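Counting convention: from 1, in listed order, for ligands and their atoms alike. Fair warning: this is a prediction, and the values are worked out from it, not measured in the lab. As a basis for the values below, the full set of heavy atoms in this structure was taken, side chains included, without hydrogen atoms, waters or symmetry mates.
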Amino acid sequence: MLAGKHILVGITGGIAAYKVATLVRLLVKEGAEVKVVMTETAKRFITPLTMATLSKNPIAVDFFNPENGEWNSHVKLGLWADAYIIAPATANSIGKMAAGIADNLLLTTYLSAKCPVFVAPAMDLDMYKHLAVSTNIETLKSYGDTIIDAEAGELASGLEGKGRMAEPETIVDYLNSYFDASFSGLHALVTAGPTYERIDPVRFISNFSSGKMGYAIAETLAQQGADVMLVSGPTNLLPLHPNIRRVNVTSANEMYEECMRLFPSCNIAVMCAAVADFTPERQEDSKIKQKTDLTIALTKTKDIAAELGRIKRNDQILAGFALETDNELANAHEKLKAKNLDFIVLNSLNDTGSGFGVDTNKITIIDSDGTEILFETKPKKDVAKDITTYIQQKYGQISNFEL
Ligand code: CTP
């Protein structure tokens, strides 16, 4: 995926700078053209000579070359790059990036870059945990940057904990998956989050869904080139990829209407939302006042996945989720058939690290031919990658789809 790509590597002053030698070597091995920009402090950890030799390009540190006055244009560097990876990113540089401070070439290039930016933090565990740093990291995410989370292990300080820069191989994986355009030209529909079923002006019925799994799937499909319509119930999440268009809905009925409208022009649909199965038969216009008891009559909502399954064409892929507490496999197989899905992703609430609100998930993919594939517990982002890889494998001729 990286052959011929222009990768700009920004090195800030942390001990993990030594690992960037391996990163650059791996990138060059993959066929990427690599340029390196370093901060003054980074030069103390790894020499420009090492980095220039490995990247096969001169290193940029200052705004100009003091020998001959030649200008190092941050704008040109930013435009040249197909991706900018800042590794290691120290707490200091992350803070400056979040605040828009531009006191070195690495930072001015960050502000000028038009390409996606990947940030691999590295610092001591207490610094990484500090609210100031995590807030700055969240700010970078809100700018659209991808954070390659630090890993846990032994740190330069001698302490054990989270703060080690991700391994060079992990960083290369991130870049590879960014440049994977397997879904280019395809349209995808993803539902995510809970729905709110209104009882009266102040109350509703809902569930614990955070929307994280659906958003991760939308991001992965978008990163791999799909145009994604994300029909989302109320969540605190923000889709970041420019290929994602979010359609906000509140109730199951609104989600149904939007999905029915969008599905005919989609090639892939992944139904990840935790749609409320019941909605109040009547919605009160005024707040229900205190009384000794209250019975609310509920009526069934429309089953969106089943409705899409009914109108699905042969050139469309429809996937659903099953969240189960008992008889997991049997129930999932039944839902797969009843909703005419191409495959279903089962997650059990009985598995630790699975289900609502957590950042990990443990899934089994069940295909319409009955095959079951079991995956380990992983971060939801990696689960999303497994699901999109499955879509690719199952439908090898995805490029033959009618658009
Ligand atoms: N789903 C849907 N519309 C509904 C209910 C569910 O589209 N009204 C979709 C979900 O997004 C998921 C799949 O159907 O992809 C299964 O959802 P789940 O809540 O596990 O099962 P239900 O079909 O609601 O059945 P039950 O609640 O009885 O387990």
field: Check: S93 side chain, A89 main-chain N or O, donor-acceptor pair, under 3.5 Å
entry: no

- prompt: Do other residues, nucleotides or ligands put more than 12 heavy atoms under 6.0 Å from the CD atom of Q283?
  reply: yes

Neighbouring residues of ligand 1, heavy-atom cut-off under 4.0 Å: M271, A273, V275, D277, T301, K302, D303, I304, A305, G320, F321, A322, L323, K335, K339

- request: Identify, with sequence neighbours excluded, every residue that meets salt bridge (charged side-chain N to carboxylate O under 4.0 Å, His left out) alongside K337.
  value: none

Qualifying ring-ring contact (aromatic ring centres under 6.0 Å, His included) pairs with a residue from residues 100-124, counting only residues at least two apart or across chains: F118-Y178

Contacts of type side chain to side chain donor-acceptor pair (under 3.5 Å), residue D285, not counting sequence neighbours: none

task: Decide, yes or no, whether a salt bridge links K19 with E167 under the criterion of side-chain N to carboxylate O below 4.0 Å.
output: yes

